[in-house]
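Chain A is the first sequence line, chain B the second, and so forth, proteins listed ahead of strands; every chain is numbered from 1.
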Amino acid sequence: MSTMTTRFPPSPTGYLHIGGARTALFNYLLARHHGGRFVLRIEDTDKARSTQEMTNAILEGMEWLGLEFDEGPFFQSERTETYNQYIDKLLQSGQAYYCDRTPEQIDVMRAEAKAKGLKRLYDGHCRELDLGPGPDRVVRFKVPRPGKVVFNDMVKGTVAIDAEEIEDFVIRRADGSPIYQMAVVVDDATMGITHVLRGDDHLSNTPKQIMLFQALGFPVPEFGHVPMILGPDKKKMSKRHGAVSVMVYKEMGYLPEAMLNYLARLGWSHGDEEIFSKEDLVEKFSIDNLGNSPSVFDQEKLNWLNSHYIKTASLDRLAPLLAEYLELRGFSSLDPDYLKTVIPLLQPRAKTMVEMADQTEFFVTPSSELSFDPKAAAKFLTDDAKVHLAALLSRFEEAPSFAPDTLENIAKAYLEETGLKFKAIAQPIRVALSGKTVSPGLFETMEVLGRERSFTRIRRAIALTT
RNA sequence: GUCCCCAUCGUCUAGUUCGGUCCAGGACACCGGCCUUUCACGCCGAUAACAGGGGUUCAAAUCCCCUUGGGGACGCCA
């Protein structure tokens, strides 16, 4: 029994999107779970649409998610000769043939077939013509007829397709370059791929590929087709929702561990469990637990997972990350130790790192530049409130310690003397400190800001003319 | 149109392999309440599904058939 080997074969004609990322994850997990190998192969046989930029983007996405591969990346564009050798083999053995029908002629043929209500498959015009090589001639695979391809899909069970449903498909273009189906089969065979786990959309390619494996005398790998991920409209994902680079999820403030966890649970489950680390997934992943109906991408659940991971992440992890997001909005050379005192106040409040960055802003904005939200100031920094702020300020200045408890006791003592309710002073203090009506707990905030910032800000609030 | 795949709460799903323990469990979201200095967190609670119809059976979410619905594929794209 050879080592289990899986692969992820993206085409560099687009970014690594949600669906691709999940496919990569499942293949990664399958290989890791069984102690096998995971191969990355870049399928760039379509020269016109493949770019280096996309290849880099895909690599970046996989790195972000932590999907390390054991071999590759291999590039199909560098293996043209190999593919052509196998195509020639097929030609020599009479399992493939040249065809001189032009794309235009084929189009006409398909249109006519459609008009007559027939299958719009290539009609096999050149199948028995025994044409030799020539300019503008493609090579087509001679689908064995009559015939039937039956295979046992790892997730869907037995799938059977009649050869009548499959046309003599092109395996080499007129320009001499090999086509996807050929490249995939040769690669999977020569790279020792034992298990092919991919999206549902490839199900109809499978019989073609199996025929190719057989014609070439290669062992046929195991196939598994995972249901697709749908958008909220239950249609195939569009740019509107997940069909963008997974890196935009990083930009939106998602943690890779949340993304990984979410992706794993889309179409896969392990009893009632919801939280899985990458290690958990490697340990628990099994094809048997894959679902077989399409699933809808739900950002709300991703949000929940993300806030979970934000709440449980270490300060050492979060501080540099937060600094990155803050830097994007112009805050540079921030003190990591200061951020580490801010973060605990924000962990239960931020669903994303972007939100955390939002909420961190007033902590890192220099007090002299802090602006007060006009509405908040008008409502809470009244003349009345300023009197109390001034009184409280002088008491806070005398505080023996700046611990939340101490501060709170000072405030309470003041309230008792004046007969005021906490609510009367809470928002004014908050607006003074943060410029806004929303912030973490007042006294924790003061502790983190420290004496100097706190006092400066309260003084500025008192001095503010509204 | 043809072929293939799929069908449990709004969403992700458990349960389907070996029908009974399921008047269907968990999670997210939503709603209500508690906590409370704002916003969150947290805690408690509620609403919510076996697409429909036929079978088989003492018994069906689980097996079979049909209908309906959804998805995918039909390229000298991958």
I'd like to know if the side chain of Gln52(A) pairs up with that of Asn56(A) as donor and acceptor (distance under 3.5 Å, no hydrogens or angles considered).
yes
What does nucleotides 32-53 of chain B look like as a protein-contact string, B for base, S for sugar-phosphate only, - for none, at under 4.0 angstrom between heavy atoms?
-----BBBBSS-----------
Can you list, in residue-number order, the parts of residues 175-186 of chain A that come under 4.0 Å of RNA chain B, counting heavy atoms only?
Ile179(A), Tyr180(A), Gln181(A)
Less than 4.0 angstrom between a side-chain N/O of Asn292(A) and OP1 or OP2 of rA7(B), yes or no?
yes
Aromatic ring centroids of Tyr262(A) and Phe297(A) under 6.0 Å?
yes
Using the test ring-ring contact (aromatic ring centres under 6.0 Å, His included), find all partners of Phe38(A) that sit at least two apart in sequence or belong to another chain.
Tyr28(A)
Any residue meeting side chain to side chain donor-acceptor pair (under 3.5 Å) with Arg22(A), in chain and number order, not counting sequence neighbours:
none
Heavy-atom contacts under 4.0 Å between residues 104-124 of chain A and RNA chain B, which residues?
Arg110(A), Lys119(A), Arg120(A), Leu121(A)
Rounded to whole angstrom, note down the C1' distance from rU57(B) over to rG19(B).
9 Å
Per the ring pair (Phe, Tyr, Trp, His ring centres under 6.0 Å) rule, what does the pair list look like for residues 339-362 of chain A, sequence neighbours excluded?
none
Have a look at Gln347(A) and say if it touches a base, only the backbone sugar-phosphate, or nothing, with a 4.0 Å heavy-atom cut-off.
nothing
Answer with base, sugar-phosphate or nothing: what part of the nucleic acid does Pro227(A) contact at a heavy-atom distance below 4.0 Å?
nothing
Regarding Asn306(A) and Thr352(A), do their side chains bring together a donor and an acceptor under 3.5 Å, going by distance alone?
no
What are the residues of residues 267-275 of chain A, sorted by number, that bring a heavy atom to within less than 4.0 Å of RNA chain B?
Gly267(A), Ser269(A), Asp272(A), Glu274(A)
Residues passing the ring-ring contact (aromatic ring centres under 6.0 Å, His included) test with Phe380(A), sequence neighbours excluded, are none
Quick one: Leu230(A) CG to rG10(B) P, roughly how many Å, whole number?
17 Å
Could I get the full list of side chain to side chain donor-acceptor pair (under 3.5 Å) partners for Lys208(A), not counting sequence neighbours?
none
All side chain to side chain donor-acceptor pair (under 3.5 Å) counterparts of Glu274(A), not counting sequence neighbours
Arg265(A), Lys301(A)
Can you list the residues that meet the salt bridge (charged side-chain N to carboxylate O under 4.0 Å, His left out) rule with Lys142(A), with sequence neighbours excluded?
none
Tell me the partner of rC31(B), counting only Watson-Crick (N1-N3 plus N6-O4 or O6-N4) or G-U wobble (N1-O2 and O6-N3) with both under 3.5 Å; none if nothing fits.
rG45(B)
Partner of rG1(B) by Watson-Crick or G-U wobble geometry, both contacts under 3.5 Å, or none?
rC74(B)
Under 6.0 Å from the ring centre and within 45 degrees of the ring axis: does the NZ or CZ of Arg140(A) meet both conditions for the six-membered ring of Tyr122(A)?
yes
Ring centres under 6.0 Å, that's the criterion: do Phe285(A) and Phe26(A) meet it?
yes
Going by heavy atoms closer than 4.0 Å, what residues in residues 201-211 of chain A are next to RNA chain B?
Asp201(A), His202(A), Leu203(A), Ser204(A), Asn205(A)
Euclidean distance, Leu407(A) CG relative to Phe396(A) CZ, rounded to 0.5 Å:
5.0 Å
Between rC28(B) and rC44(B), how far apart are the two P atoms, rounded to whole Å?
12 Å
Pick base, sugar-phosphate or nothing for Thr102(A), based on heavy-atom distances below 4.0 Å to the nucleic acid.
base
With a 4.0 Å cutoff (strictly under), does any side-chain N or O of Ser295(A) reach OP1 or OP2 of rU13(B)?
yes
Give Val170(A) one of three labels, base, sugar-phosphate or nothing, depending on what nucleic acid heavy atoms sit under 4.0 Å from its own.
sugar-phosphate
